[in-house]
2 protein chains.
Amino acid sequence: MARKTGSHSEITGPKVREAALSLFAQHGFAAVSMRQIAAKVGVQAGALYLYTKDKQSLLYDLMQAHMDELLAAWADEPKGDSALSRLEAFARFHIRFHLERPDAVFIAYMELRNLSDENFAAVEALRRRYEGELEAILRAGQAEGAITAPDVRLTTMALIAMLTGVNTWYREGGRLSRDAVADIYWDMVRGAVGA
Amino acid sequence: MARKTGSHSEITGPKVREAALSLFAQHGFAAVSMRQIAAKVGVQAGALYLYTKDKQSLLYDLMQAHMDELLAAWADEPKGDSALSRLEAFARFHIRFHLERPDAVFIAYMELRNLSDENFAAVEALRRRYEGELEAILRAGQAEGAITAPDVRLTTMALIAMLTGVNTWYREGGRLSRDAVADIYWDMVRGAVGA
DNA sequence: TTGATAACTGAACGCTCGTTCAAATCAAAC
DNA sequence: GTTTGATTTGAACGAGCGTTCAGTTATCAA
């Protein structure tokens, strides 16, 4: 008689994704083999195909899951009423969220090239939705006269680049706490938009 | 009788590097094969080894050459006397230099993981030298009371991330000219450091 | 204990990789 | 036309790739 749904597979499946995330972030999608992922999980390569259609799907699923989680978490984030308080909420949220999952962030930005055209389009659309959130805040701020942004689109991309850059240098246990880091970034964002 | 030094090789050599740069930027180091690079040049893979020791050296040489050029160009850039005018010179220089060579910039930031430890250390040192240039400007600005940067190191990395992000969205022939782009970025940089 | 199914193994398949190198071709000088 | 060195070809080598699947093992309920 069949076992109940999910038994061993509910352990191995997440392990496959964790191993893939870690190895893709460390070495890059194309440089990591399915055999290496399997070895990290403790199975043979053939077993991976019980949990992912193929290597490309594995990457795509990781990237899509990250973007979905980012958008959902932002949607749930308490925001203020004014554009400026929403901008502050965005900056602090972005820093916190990105520092909490460095591997997923890294993959989300570095591995776009390794996605097939169809998968790339899907992930790109999610990225644009997230960028759109900040862009809407900036437009509202402009309308409220609270900020200055000669080109809102450019400002959006520049701020996201600056905020996302936190992952390239931040080390846990370094000189600055996460809150101090968020404070400084917020000050810079506020200054950058003339608020 | 032997041909004089440098004849056909002075054509093929640069072509190998150009093809490698373009393909590495487009697809990533690990995803591009020596056969593909050779095909783009119009030779067979075996011919590449007349111009590069191996695949790893090809990447390293491209990245090192880019960093050397960046540092040399910055050293030659006219700067002002005050920290603020040097900061403006840096911001405008960074935008211009990075927009002029998108493939090299892309590789310089994206392919660090694919460098061997020794090569990584060498390129990382060059990156730190460039970051050090901005950091020195910010420290001088702080000392002159011209800017505010609670943590100069963080501010350095944040500004470089913001400026380098220009390559992720800028399209030649888009809505904004390069000068307009540089203007906006400079305004944001100035605002970010409270000047 | 038995039988059924889930989960995994291990090897095969066709393919491609980076690199090497003997042979071939090209081109300049005489 | 010949000689010589530069440059390239083309195939081989050993290794590894992603993926498949028949067979095996583990697990569970009856």
Side-chain angles (χ1 to χ4, degrees), chain A residues 1-21 23-24 26-63 107 111 113-119, chain B residues 1-21 23-24 26-63 107 111 113-119:
Chain A
M1 186 224 190
R3 267 177 280 185
K4 291 188 189 315
T5 299
S7 41
H8 213 206
S9 74
E10 289 190 349
I11 298 168
T12 311
K15 277 180 127 182
V16 169
R17 286 184 289 281
E18 281 161 29
L21 188 75
L23 289 171
F24 287 162
Q26 213 175 322
H27 304 290
F29 175 79
V32 167
S33 68
M34 296 296 265
R35 285 168 177 74
Q36 285 174 291
I37 296 169
K40 195 175 176 80
V41 174
V43 296
Q44 292 272 327
L48 298 186
Y49 294 86
L50 213 72
Y51 304 102
T52 184
K53 177 172 174 295
D54 55 22
K55 194 184 182 190
Q56 168 74 196
S57 297
L58 186 48
L59 175 67
Y60 171 66
D61 289 344
L62 289 172
M63 294 178 77
I107 287 180
E111 301 298 349
R113 291 176 297 180
N114 284 303
L115 288 174
S116 66
D117 290 345
E118 181 184 357
N119 290 341
Chain B
M1 187 222 190
R3 265 179 279 184
K4 291 189 188 312
T5 300
S7 41
H8 211 209
S9 76
E10 290 191 352
I11 298 170
T12 311
K15 276 180 127 183
V16 169
R17 286 184 290 280
E18 281 162 30
L21 186 75
L23 289 172
F24 287 162
Q26 213 174 323
H27 304 289
F29 175 80
V32 167
S33 68
M34 295 297 265
R35 285 170 177 76
Q36 285 174 290
I37 296 170
K40 195 175 175 78
V41 173
V43 296
Q44 293 272 328
L48 297 186
Y49 294 86
L50 209 75
Y51 304 102
T52 185
K53 177 173 175 294
D54 55 23
K55 194 183 182 191
Q56 167 73 196
S57 297
L58 187 47
L59 175 67
Y60 171 65
D61 291 343
L62 289 173
M63 293 177 79
I107 288 179
E111 301 298 347
R113 291 178 296 181
N114 285 304
L115 288 173
S116 67
D117 289 344
E118 180 182 358
N119 290 342

What is the distance, rounded to the nearest whole Å, between atom CD of A:Gln44 and atom P of D:dT24? 16 Å
Write down the distance between OH (B:Tyr51) and C1' (C:dT19), rounded to a whole number of angstrom. 17 Å
From A:Arg17 CZ over to A:Ile37 CD1, what is the distance, rounded to the nearest 0.5 angstrom? 12.5 Å
Under 4.0 Å between a side-chain N/O of A:Ser33 and OP1 or OP2 of D:dC17, yes or no? yes
Given D:dT7, C:dG18, C:dC8, which nucleotide is nearest the side-chain atoms of A:Ala47? C:dC8
Positions of residues 34-43 of chain B (non-hydrogen atom under 4.0 Å from DNA chain C), listed by number: B:Met34, B:Arg35
Between P of D:dT8 and CG of B:Leu48, the distance in whole Å: 10 Å
Could you check how far CD1 of B:Ile11 sits from P of D:dT7, rounded to whole Å? 10 Å
With sequence neighbours left out, the residues meeting salt bridge (Lys or Arg N to Asp or Glu O under 4.0 Å) with B:Arg35 are none
Nearest to the side chain of A:Lys55 - C:dC8, C:dG10, D:dG18? D:dG18
From CD of A:Glu10 across to P of C:dA6 the rounded distance in Å is 14 Å
Across all chains, not counting sequence neighbours, the side chain to side chain contact (heavy atoms under 4.5 Å, CB included) partners of A:Tyr51 are A:Ser9, A:Thr12, A:Val16
Send over the distance from A:Tyr49 OH to C:dA12 P, rounded to a whole Å. 18 Å
Atom pair distance, as rounded to whole Å: CZ in B:Phe29 and C1' in C:dC17: 12 Å
Nearest heavy-atom pair of A:Leu48 and A:Met34: which atoms, and what distance? CD1-O, 3.3 Å
B:Leu50 side-chain proximity, nearest of D:dT7, C:dG18, D:dG18: D:dT7
Quick one: B:Asn114 CG to C:dC17 C1', roughly how many Å, whole number? 15 Å
Suppose we screen for side chain to side chain contact (heavy atoms under 4.5 Å, CB included). Which residues come up paired with A:Ala47, at least two apart in sequence or across chains? A:Val43
By side chain to side chain contact (heavy atoms under 4.5 Å, CB included), A:Glu18 pairs with (sequence neighbours left out) A:Pro14
Look at the side-chain N and O atoms of B:Thr12 and state whether any lies under 4.0 Å from the OP1 or OP2 oxygen of D:dT8. yes
Please, which pairs that meet side chain to side chain donor-acceptor pair (under 3.5 Å) have at least one residue in residues 36-50 of chain A, sequence neighbours excluded? A:Ser33-A:Gln36
